[in-house]
Amino acid sequence: MNPDDILISQFLDDELALKDKLRFLEALNTQPEYSKEAMALVRQEVLLDDAHASLTPGLEDDAFPIAFKRESGEPKRFLKYAGALAAAACLILALFTAVLYRREAPPEGTPHRFVLYLPEAQEVSIAGSFNGWESIPMERAGYNGYWEAVLVLPPGEHRFSYLADENKPIADPTILAREHDGFGGMNSILNVARQI
Amino acid sequence: MEFDSFYKEYRSKVFAYLLRMTGCKDLSMDLVQESFTRCLERYAETERPGPLVFTIARNLVYDNHRNQARWDDREAPELEANANPETDFLKKEEIERVLQAMQSLPANEKEALALAASKALTYREIAQVTGVSEANVKVRVHRARKSLRRILEDVT
C-alpha cells in the first residue's frame with residue numbers, strides 16, 4: 001500500500017498531524033488519481049454517515065431510559081452511600097472488638113450482582129472459582145430477558161462463567177478480563193476489592 | 001461525567017457502530033440499551049467510559065453472533081416517514097446497499113471501519129478496544145474503506 005494512501009483515512013478520521021496535513025495536500029495537488037480516490041472515499045463516508053443518521057433522527061436528544069436507571073443506577077447510588085455508612089460502622093465495630101477482645105474479624109464478603117441478558121434461555125446458572133465451580137441457578141429479572149444472581153464474594157480474583165440450557169459456558173459480556181477455560185470456552189475474571 | 005450526558009453524547013455513536021456491525025436496526029437498538037446498562041452497572045464511576053462502552057458493545061455483538069438467535073431475523077431497516085415516498089424508497093435502497101456492503105467486508109476490516117466511522121474514538125482507543133496496534137488500526141481502516149468502495153462499485 002502506498003504510504004500516502006492511509007493519509008486519506010487519517011484525514012477522514014481527524015488523525016492527521018500537521019506535517020501529514022501538508023503531505024496530504026501535496027499529494028492531492030500533484031497526483032490526480034490520488035485526488036480522485038480521496039474524493040470518492042469522502043463521498044462514501046458521507047453515504048455511511050447518512051445511513052445511520054437517517055435511522056436515528058433526534059437520537060442524541062433522548063435521555064437515558066428511566067426504566068434502566070431505576071433498575072441499576074439509583075440502587076447503585078443508594079448502595080454507594082449505604083456501603084460507606086456500613087463500612088464506617090464496620091470499621092468502628094472492628095476497632096472496638098479488636099481492642100476489647102483482641103480477636104480476629106470474621107471473613108469478609110461483598111454482595112455482587114451478576115446479570116446476564118439471555119432472553120432465549122429457559123434456565124441459566126452461574127459457576128465459579130468462588131464455590132468450587134458448583135452451579136448456582138440464576139433467577140429471571142423481570143420479563144425482559146435478564147437473569148440475575150446476587151452472591152457474597154470474598155475479596156480477590158474470581159473466575160466464573162454462566163451456563164445456559166445446554167450447559168455451554170458463556171463469559172460475561174460486560175467484564176473485559178477473560179481467559180480460556182481449557183475446554184474451548186472462556187471464563188470471566190472478576191476482581192472483588194477488599195472493603196475498607 | 002454524569003451518565004446522562006455521557007449517554008446523550010455517545011448513544012448515536014454506539015448505535016452507528018452497531019448498525020454497521022450488524023446491518024440490523026432493531027438488533028442495534030437492543031444492543032445499545034444493553035451496552036449502556038452494563039456500562040452503568042459496572043463502570044459508572046469511570047472518568048472516560050467511551051472506549052469501555054464500545055468494548056462492551058463489541059463483546060455483545062460477538063456473543064449475539066455466536067448464538068445467532070437475533071441475527072437470523074434481520075430485516076431491512078425502516079426509515080422515518082418522509083413527505084416523498086419515492087425519495088424514501090431510493091434512500092432506503094441506498095442505505096441497504098451500504099449496510100450490506102459493510103457485511104461483506106472481512107471481519108477485522110469491518111470492525112475497524114465501524115469504530116472509526118462512529119467518530120467517537122481515536123485510532124489509539126480503537127487499538128485498545130480491538131487489541132491490535134495503532135499502526136494496524138490505520139491500515140485496517142483504510143483497507144476497509146477501499147474494499148467497501150470496490151464492493152459498492154461492483155454492485156452498481
Side-chain angles (χ1 to χ4, degrees), chain A residues 1 5-10 12-15 37 40-45 47-65 67-69 71-73 75-77 80 113 115-121 144-146 164 168 170-176 178 188 190, chain B residues 3-4 6-13 15-16 19-20 25 28 30 33-45 52 55-56 59-60 62-63 66-67 69-70 77-80 91-92 94-95 98-99 102 113 116-119 122-123 138-139 141-146 148-149 152:
Chain A
M1 190 185 287
D5 272 6
I6 293 180
L7 295 177
I8 303 173
S9 276
Q10 288 182 276
L12 284 168
D13 299 324
D14 297 327
E15 289 275 347
E37 169 89 351
L41 291 183
V42 174
R43 281 200 194 96
Q44 176 177 288
E45 199 71 7
L47 197 61
L48 259 181
D49 203 50
D50 280 352
H52 104 269
S54 315
L55 295 171
T56 59
L59 194 64
E60 47 291 303
D61 298 331
D62 290 355
F64 193 63
F68 285 94
K69 276 187 194 164
E71 208 168 84
S72 44
K76 191 178 172 66
R77 239 173 259 150
K80 190 170 74 177
R113 182 170 174 250
V115 181
L116 179 69
Y117 182 78
L118 207 61
E120 304 85 7
N144 53 4
Y146 285 91
K168 190 182 167 192
I170 300 166
D172 190 318
T174 65
I175 293 185
L176 312 181
R178 293 178 180 193
S188 300
L190 174 70
Chain B
F3 202 81
D4 267 338
F6 166 66
Y7 178 72
K8 281 178 188 170
E9 183 185 341
Y10 277 86
R11 187 186 177 198
S12 81
K13 292 169 180 170
F15 174 75
L19 185 65
R20 286 168 195 140
K25 183 186 174 185
S28 302
D30 285 356
Q33 298 296 4
E34 278 181 66
S35 303
F36 279 95
T37 305
R38 282 153 192 262
C39 192
L40 175 66
E41 281 171 355
R42 299 276 162 84
Y43 305 104
E45 310 300 324
L52 275 171
T55 307
I56 292 170
N59 284 339
L60 287 170
Y62 287 115
D63 284 353
R66 212 168 42 227
N67 72 30
R70 286 190 282 175
E78 287 297 321
L79 293 182
E80 291 296 303
K91 184 130 194 170
K92 188 179 173 187
E94 196 172 37
I95 289 170
V98 175
L99 292 178
M102 280 289 295
L113 179 56
S118 71
K119 307 293 179 216
T122 62
Y123 282 173
K138 278 183 203 174
V139 173
V141 168
H142 192 66
R143 274 202 190 129
R145 285 197 170 107
K146 289 184 78 147
L148 187 65
R149 188 181 169 206
L152 288 169

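Per chain, numbering begins at 1; letters A, B, ... match sequence-line order.
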Any chance you could measure B:Ser118, atom OG, to A:Leu48, atom CG, to the nearest 0.5 Å? 11.0 Å
Here the gap from B:Thr122 atom OG1 to A:Asp14 atom CG, rounded to the nearest 0.5 Å, amounts to 11.0 Å
If we only count heavy atoms from C-beta on, is the B:Val141 to A:Leu12 side-chain gap below 4.5 Å? no
Which heavy atom of B:Arg149 sits nearest to which heavy atom of A:Leu41, and what is that distance? CD-CD2, 4.0 Å
Would a distance-only check, ignoring hydrogens and angles, find a side-chain to backbone donor-acceptor pair under 3.5 Å from B:Glu34 to A:Tyr117? no
Run A:Ile8 and B:Arg145 through side chain to side chain contact (heavy atoms under 4.5 Å, CB included) and show every step you take. CA-CA 10 Å; A:Ile8 303 173; B:Arg145 285 197 170 107; over 6 Å; no
Please determine if B:Lys119 and A:Glu45 form a salt bridge, counting it only when a charged side-chain N lies under 4.0 Å from a carboxylate O. yes
For A:Arg178 and B:Asp63, the nearest pair of non-hydrogen atoms, with its separation, is NH2-OD2, 4.0 Å
Between the CZ atom in A:Arg43 and the CG atom in B:Leu152, the distance rounded to the nearest 0.5 Å is 13.5 Å
Report which part of A:Gln10 has an atom under 4.5 Å of a heavy atom belonging to chain B: side chain, backbone, both, or neither. both
What part of B:Val98 lies closer than 4.5 angstrom to a heavy atom of chain A: side chain, backbone, both or neither? side chain
With only heavy atoms counted, which part of B:Leu148 is less than 4.5 Å from chain A, the side chain, the backbone, both or neither? both
Please find the pair of heavy atoms, one from A:Val115 and one from B:Arg38, that lie closest to each other, and give the distance. O-NH1, 4.1 Å
What pairs with B:Lys138 under side-chain hydrogen bond (donor to acceptor under 3.5 Å, both in side chains), at least two apart in sequence or on another chain? none
Under a 4.0 Å N-O cut-off, is there an ion pair linking A:Asp5 with B:Lys146? yes
